[in-house]
Amino acid sequence: MDFLNWIQNLGLVTWVREAPTVLAYPTVLAVHTFGLIFLVGPSLAIDLRIFGFAPRLPLAPMEKFFPIMWIGFWVNALSGVVLWALNPITFLATPVFWIKLVAIGLGVWNMRMLKRRVFGNPANLGARPVLTEGKILAGTSLAYWTVAIYAGRTSAYLPFVQRQTALALIILITVAMLLARFVPLGALGLSRPSEPVPHSK
Amino acid sequence: MESVLRYLLRWPSVEYFMSHYAWAWPLAEVVHFFGIVLLVGIVAVFDLRVLGVLKGLPLAPLQRLIPWAIFGFALAATSGLMFVTGIGANLYGVHPYDVAMTDTWLQLKLLFMFLAGMNALAFYFTGVSRTVDALGPDDDAPPRAKLIAGASLSLWLLVVYFGRLIPWGLQYTYGGQ
């Protein structure tokens with residue numbers, strides 16, 4: 001506890017928390033958002049490709065996204081520690097904070113599994129459509145990042161609001177996925193061919 | 001003009017929805033974030049390829065992911081409009097017009113969104129997108145394309161930055177003062 005209080009009272013931490021400039025706390029938050037975008041964005045692109053959208057995009061070169069994702073992860077780890085340090089005890093005492101950390105841990109583990117099982121396996125890379133193992137990893141990736149984003153965003157709210165929002169989010173996603181069956185996704189450019197695309201080159 | 005904008009910007013239905021259901025505002029925030037990640041994430045990947053930072057990806061198929069970025073924009077725009085028209089739910093008694101007129105960060109965000117949109121139009125309507133389409137996996141993009149890509153990446157990241165600062169630009173607080 002004393003250690004946590006000591007962290008909370010560090011000069012840098014106090015400056016971030018209390019300085020009356022947008023370059024302090026708000027900017028650290030913004031940096032955390034940038035890291036999030038570079039971590040989850042390319043991951044979503046890979047997941048979409050694995051599910052069969054943009055099928056002519058070769059999967060193998062998307063392995064180059066991983067360094068970008070790792071940069072995003074470490075930017076967030078660093079900014080995350082700073083943000084946590086602003087109020088360490090409160091965060092550790094908040095359940096949704098732990099949910100977020102677990103979700104991110106699972107997301108990163110999932111990333112490594114994707115790297116090894118899909119990108120590290122020529123059988124998987126060459127398969128059209130991607131083998132089921134790849135699709136499962138893509139699906140869990142989506143799920144973990146969604147939970148992490150939800151947990152991060154609802155951190156500041158009261159627990160009963162967090163619970164209601166979780167349920168509302170689940171319902172929203174379910175309804176959206178059901179509606180997707182009836183919306184002409186092709187006209188919006190969001191469709192994917194149901195037949196495997198033959199190798200063109 | 002002011003009275004027209006005052007009338008148009010405040011939506012009591014959205015205000016009621018957001019104040020009546022505790023999950024409405026946080027859900028809109030989560031959707032807003034997800035839309036941002038889809039939009040800026042996919043656009044960033046595309047821009048980094050055009051800039052030459054990421055090689056090995058043919059550009060024509062990469063463009064097939066852009067509709068998903070647009071879907072992300074639609075999610076962010078819808079939730080964003082809910083925040084604007086329903087601000088009275090979060091800050092009781094505050095009118096969207098007053099927020100729009102006094103919050104510098106909101107104004108900068110909207111300005112840079114407009115610039116990013118103009119940049120995108122320039123990409124598609126000046127033929128640059130056609131030259132980029134023809135690029136193979138390891139080809140270098142023409143300088144014009146790189147300029148547009150660099151501008152796109154910078155502009156969207158600035159939009160995110162200014163957007164994050166909006167709460168700190170509010171001149172009005174709960175209660176209308």
Side-chain angles (χ1 to χ4, degrees), chain A residues 21-22 25-27 29-34 36-46 48-49 53-58 60-65 67-68 72 145-146 149-154 156-158 160-169 171-173 185 188-192 201, chain B residues 21-46 48-49 53-72 74-75 104-105 136-138 153 156-169:
Chain A
T21 163
V22 289
Y25 179 53
T27 298
L29 281 176
V31 166
H32 203 64
T33 310
F34 293 149
L36 172 80
I37 288 172
F38 284 102
L39 173 58
V40 182
S43 180
L44 289 180
I46 291 175
L48 284 172
R49 169 60 185 80
F53 298 93
R56 281 206 173 78
L57 197 50
M62 288 176 106
E63 192 169 359
K64 305 231 173 63
F65 291 1
I68 298 178
W145 296 134
T146 303
I149 290 177
Y150 152 80
R153 205 59 302 270
T154 54
Y157 288 93
L158 294 170
F160 84 93
V161 178
Q162 291 168 353
R163 285 192 294 269
Q164 288 184 10
T165 308
L167 186 57
L169 184 62
I171 293 175
L172 180 68
I173 293 174
L185 292 176
L188 297 167
L190 299 175
S191 67
R192 56 176 170 167
K201 288 181 183 139
Chain B
Y21 298 103
W23 48 264
W25 190 279
L27 183 66
E29 289 184 328
V30 175
V31 169
H32 200 68
F33 250 66
F34 203 76
I36 290 175
V37 172
L38 263 178
L39 167 65
V40 185
I42 292 178
V43 165
V45 160
F46 183 80
L48 286 174
R49 166 60 187 96
V53 173
L54 277 175
K55 282 288 179 89
L57 289 164
L59 274 153
L62 196 53
Q63 293 233 37
R64 295 289 81 73
L65 281 178
I66 298 286
W68 283 95
I70 298 175
F71 173 61
L75 288 177
T104 314
W105 302 121
D138 284 303
L153 188 58
W156 282 117
L157 288 177
L158 280 170
V159 168
V160 171
Y161 182 56
F162 292 136
R164 191 79 272 264
L165 296 182
I166 288 175
W168 284 271

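Only this structure's heavy atoms are used, side chains among them; waters, hydrogens and symmetry mates stay out. Lettering of chains follows the sequences in order, A, B, ..., and the numbering in each one begins at 1.
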Problem set entry | From CZ (B:R64) to CG (A:L57), nearest 0.5 Å |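 Going from the CZ atom of B:R64 to the CG atom of A:L57 covers 10.0 Å.
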
Among [options], residue most engaged with chain A (heavy-atom pairs, under 4.5 Å):
{"options": "B:G41, B:P67, B:P167", "value": "B:P67"}
{"options": "B:L59, B:V31, B:V40", "value": "B:V40"}
{"options": "B:L62, B:I42, B:I70", "value": "B:L62"}
{"options": "B:W105, B:W168, B:W68, B:F71", "value": "B:W68"}

Measure distances from [X] to the heavy atoms of chain B and classify the residue's part below 4.5 Å as side chain, backbone, both or neither.
{"X": "A:I37", "value": "both"}
{"X": "A:S43", "value": "neither"}
{"X": "A:I68", "value": "side chain"}
{"X": "A:L44", "value": "side chain"}

Problem set entry | B:Y21, OH: over 12 other non-hydrogen atoms inside 6.0 angstrom |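 Incorrect, the count does not exceed 12.
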
For this session: Take atom OH of A:Y25 as the centre, draw a 6.0 Å sphere, and report whether it contains more than 12 heavy atoms from other residues, nucleotides or ligands.
Result: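 No.
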
Exercise. Would a 4.5 Å heavy-atom cut-off, applied to side chains only, mark B:L65 and B:F46 as touching?
Worked result: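 Answer no - side chains too far apart.
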
Exercise. Of all residues at least two apart in sequence or in a different chain, which pass the salt bridge (charged side-chain N to carboxylate O under 4.0 Å, His left out) check with A:R153?
Worked result: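 Listed in chain order: B:E29.
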
